[in-house]
S.K.: 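First the structure, which I've put down as structure tokens, then a few questions once you've had a look.
Throughout, a chain's letter reflects where its sequence line sits, starting with A, and its residues are numbered from 1. Small disclaimer: the values here were computed from a predicted structure and weren't measured.
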There are 2 protein chains.
Amino acid sequence: MTDLAPALALDRSGLPADGAPAAIIVARDVADVQAAVRRARAERLVVVTRGAGSGLAGGAVAGDGALVLDLSQLDRIRSIDAVDGTADVEAGVITAHLDAAARAHGLFYAPDPGSVGISTIGGNIATNAGGLRGAKYGVTRDAVLSVDVVRADGSLVRLGRPTIKGVTGYDLAGLVVGSEGTLGVVVAARVRLLPIPRRVATASAFFATLEDAADAVAAIARSGARPAVLEILDGETLGAIDALEGSALRARGEALLLAQTDGFGAEEEIAVVTEALSAAATHHEWTADLETAATLLHARRQALPALERLGRPVIEDIAVPRSRLAEAVRGIRAIAARREVPIYVFGHAGDGNLHPIIVVDPSLDELPAAAVEAADDIFALALELGGTVTAEHGIGRLKREWARRELGPEVVAVHDAIKAVFDPDGILNPGAAY
Amino acid sequence: MTDLAPALALDRSGLPADGAPAAIIVARDVADVQAAVRRARAERLVVVTRGAGSGLAGGAVAGDGALVLDLSQLDRIRSIDAVDGTADVEAGVITAHLDAAARAHGLFYAPDPGSVGISTIGGNIATNAGGLRGAKYGVTRDAVLSVDVVRADGSLVRLGRPTIKGVTGYDLAGLVVGSEGTLGVVVAARVRLLPIPRRVATASAFFATLEDAADAVAAIARSGARPAVLEILDGETLGAIDALEGSALRARGEALLLAQTDGFGAEEEIAVVTEALSAAATHHEWTADLETAATLLHARRQALPALERLGRPVIEDIAVPRSRLAEAVRGIRAIAARREVPIYVFGHAGDGNLHPIIVVDPSLDELPAAAVEAADDIFALALELGGTVTAEHGIGRLKREWARRELGPEVVAVHDAIKAVFDPDGILNPGAAY
């Protein structure tokens, strides 16, 4: 966005940096991190920590006077214990690498953000990243037992518990997860691993309308099944994927649901899922074949790249109660019509998490007013429906105003006070997280 | 313990109160709670909130100058939404009542502390209560989306998120869960509900020694199965249960493992569990019959009542990494021998959570020195093995010294600062939680 900003001062939010950082430090070990924080404190710089820079909310965008602290070289998996079901990892480990290492022990790392192949555990912890398997396995916070944190004074402290269960003191590890580098610099973590599901079954179902698909999500919620993955994509997104992949998804319907069940009863469970969605679907099928399943999930993961070919995607990340999903879909349609902007919709339907994507002309320096207004309308819709303005991407610098609207001034004041406990001089990524 | 203390100033920890409370208020609604907190602030009383008084760590023990705030009458289940998988409940709802109400919608409330039939959701939130199903379904914090909190100034605020997923701001709901009434008075919560598992299978296995059973737990962890329940009981505890129930468990072995799998593949999964434990067991069997399973789990739930008949049980609550379970068991045996006190051992083996119970003469006013020393030894053992001094019962007033040893002075200082953010005058249950 700006010529002054090096790549290490930006992330994938598209948010420009206001000037160039004062320093960029690529840490090789924890001592480097401590030294960098001490230097920032001495020189009154602000510390903007980054992993892979794959964030979507501007949490790692570093402006004038910032010290950029790159943790991508802290990439050791220190240990994995198959009996404990835990791994000790450094912050710069790519999430997919941890998952692959766990699989060699018969285990897996459950959180799987869309960026799993490029994002780091540290970045996932900073944003409390979600992912496709969230409906059954939860998000990053659910997987983190303890974090090693370099504090604002440069000291190193471990917060959290060593064991799967433990209630000694306040949940400070949980507090740090999702705090976007504003409370400390997470340099390592102990995370939980789970046994690889014995079997996986995957269903796909097409619908005449997106509202029909949303109704099917409600039916699945009532069915007694608990799919690990339950993804929704609208017809426009299917068309974009077809253009990228040479597939013919959109010819089959104006909405697609992808459901995956796993575990010992995966096949019986997927039958319950397909039975539940069958009333609303025009076509559905399921498979236990992993290759077919991988092809389907690959198509889903191509949704964002497909839209990136059409322009600059402005990615929203709302969640609503599952019972309001059809209303949310209708509301987004109405916003697209009113503001006359194209809005593509896909998301993690099992969590009520939708990613409405407004695609804008990439040659423009600033977002067009209609896109900004449509984004605002979508945030307002989420709150109206009893939802949230960000389900998994975080607040960063992009959604501060809306976070404050969601939280209200009283709760923001509590945030300020907690921030001051951890960071009295305000040097840790100020302007992010809330 | 003391004639001065009314029942509403005590819990089930056996901890005496130091004098009589200044006031006891049984709140009928949230306004009563707000008025009570405002009064406490004006009169410089400390607020000791209680639900059912079933706590085991003295978190609700109220001494001289305390205002006891009883929330047991705030017992409405406000709503259950089967599609969203959520319930809005008041703090005084008995946990088993919430579970029963959820089941009428095809859902269940996963956390199931031993006290589920008598304890309240508010008390469960205060202590971050665990339970038998924790190995698969986690603890109370994993089920809580938001909490309504009366703050130290009497104002009411909602902390947390309305939806299953959401990352706006810091995880303040998670911070309040487990804080034992020291950060605010939780008057209501939105909690998550899950589909009732379609099938349940239960295995029992007897072993020649407790160490053999601990080895079997490790084998199960490596098997790829993920039991919802995995309980361990030693021979002495089995003998006590036999004396209470007229059963003949101890005749079959010196240790018992109870495993329960659930979900669509429960029967296949229990076969994997029994295969894994078979090498170490002298006898094992499994059943899909719910009545047989209920009888087995009933025996497990009778462990504490059975020991209460033998004297006053001093209940420990350590957790160690699962890989250290056999060492923990050997260490506890050595402590019992060295201190010459009877120690009974049972617990949630799937979480590495053991409840070593020291039974003392109930006629004594004070704990004998040997019991205190044995308890100290057990705490030290837990920390030595990389564990925690409390897995699920909480710190209360009973384990403060040990909590401070586990957390260390730096982390305790963070606790103090966070406590001051929420409770600047120190009126909310001071002396509990850490």
S.K.: By a 4.5 Å heavy-atom criterion (distance strictly below it), what part of A:F108 contacts chain B: side chain, backbone, both, or neither?
M.R.: neither
S.K.: Tell me, please, which residues at least two apart from B:A271 pass side chain to side chain contact (heavy atoms under 4.5 Å, CB included).
M.R.: none
S.K.: Under a 4.5 Å cutoff for heavy-atom pairs, which residue among A:K419, A:R322, A:R161, A:R222 has the most contacts with chain B?
M.R.: A:R322
S.K.: Name the region of B:E410, side chain, backbone, both or neither, that has any atom closer than 4.5 Å to a heavy atom of chain A.
M.R.: both
S.K.: May I ask you to name which of A:P195, A:S323, A:P162 has the most heavy-atom pairs under 4.5 Å with chain B?
M.R.: A:S323
S.K.: For B:L194, is it the side chain, the backbone, both or neither that has a heavy atom under 4.5 Å from a heavy atom of chain A?
M.R.: side chain
S.K.: Using side chain to side chain contact (heavy atoms under 4.5 Å, CB included) as the criterion, list what pairs up with A:A432, not counting sequence neighbours.
M.R.: A:E180, A:T182, A:R397, A:N429
S.K.: Given the options B:V157, B:N353, B:V412, which has more heavy-atom pairs under 4.5 Å with chain A than any of the others?
M.R.: B:N353
S.K.: Taking side chain as everything from C-beta outward and backbone as N, CA, C, O, which of these in A:R192 sits under 4.5 Å from a heavy atom of chain B? Side chain, backbone, both or neither.
M.R.: side chain
S.K.: Is it the side chain or the backbone of A:S155 that comes within 4.5 Å of chain B heavy atoms, both, or neither?
M.R.: side chain
S.K.: Below 4.5 Å from any heavy atom of chain B, which atoms of A:H105 appear? Answer side chain, backbone, both or neither.
M.R.: neither
S.K.: Ignoring hydrogens, what is the shortest heavy-atom contact between A:K165 and B:A319? Give both atom names and the distance.
M.R.: O-CB, 3.9 Å
S.K.: Under 4.5 Å, counting heavy-atom pairs only, tell me which of A:V217, A:T388, A:D171, A:V176 racks up the most with chain B.
M.R.: A:D171
S.K.: Of the backbone (N, CA, C, O) and the side chain (C-beta and beyond), which part of B:N128 lies under 4.5 Å from a heavy atom of chain A, both, or neither?
M.R.: both
S.K.: Quick test of your reading of the model: are B:R404 and B:E401 salt-bridged, counting only N-O distances below 4.0 Å?
M.R.: no
S.K.: Less than 4.5 Å to any heavy atom of chain B: does that hold for the side chain of A:T86, its backbone, both, or neither?
M.R.: neither
S.K.: Report, as yes or no, whether the 6.0 Å neighbourhood of atom CZ on A:R158 holds more than 12 heavy atoms from other residues, nucleotides or ligands.
M.R.: no
S.K.: Please identify, among A:V421, A:I220, A:I395, A:V167, the residue contributing the most non-hydrogen atom pairs under 4.5 Å to chain B.
M.R.: A:V167
S.K.: Where does A:A135 contact chain B at under 4.5 Å (heavy atoms): side chain, backbone, both or neither?
M.R.: backbone
S.K.: Given heavy-atom pairs under 4.5 angstrom as the criterion, report whether the side chain, backbone, both or neither of A:V139 touches chain B.
M.R.: side chain
S.K.: Answer with side chain, backbone, both or neither: which region of A:V272 has an atom nearer than 4.5 Å to a non-hydrogen atom of chain B?
M.R.: side chain
S.K.: Looking at B:F422 versus A:Y170, is the centre-to-centre ring distance below 6.0 Å?
M.R.: no
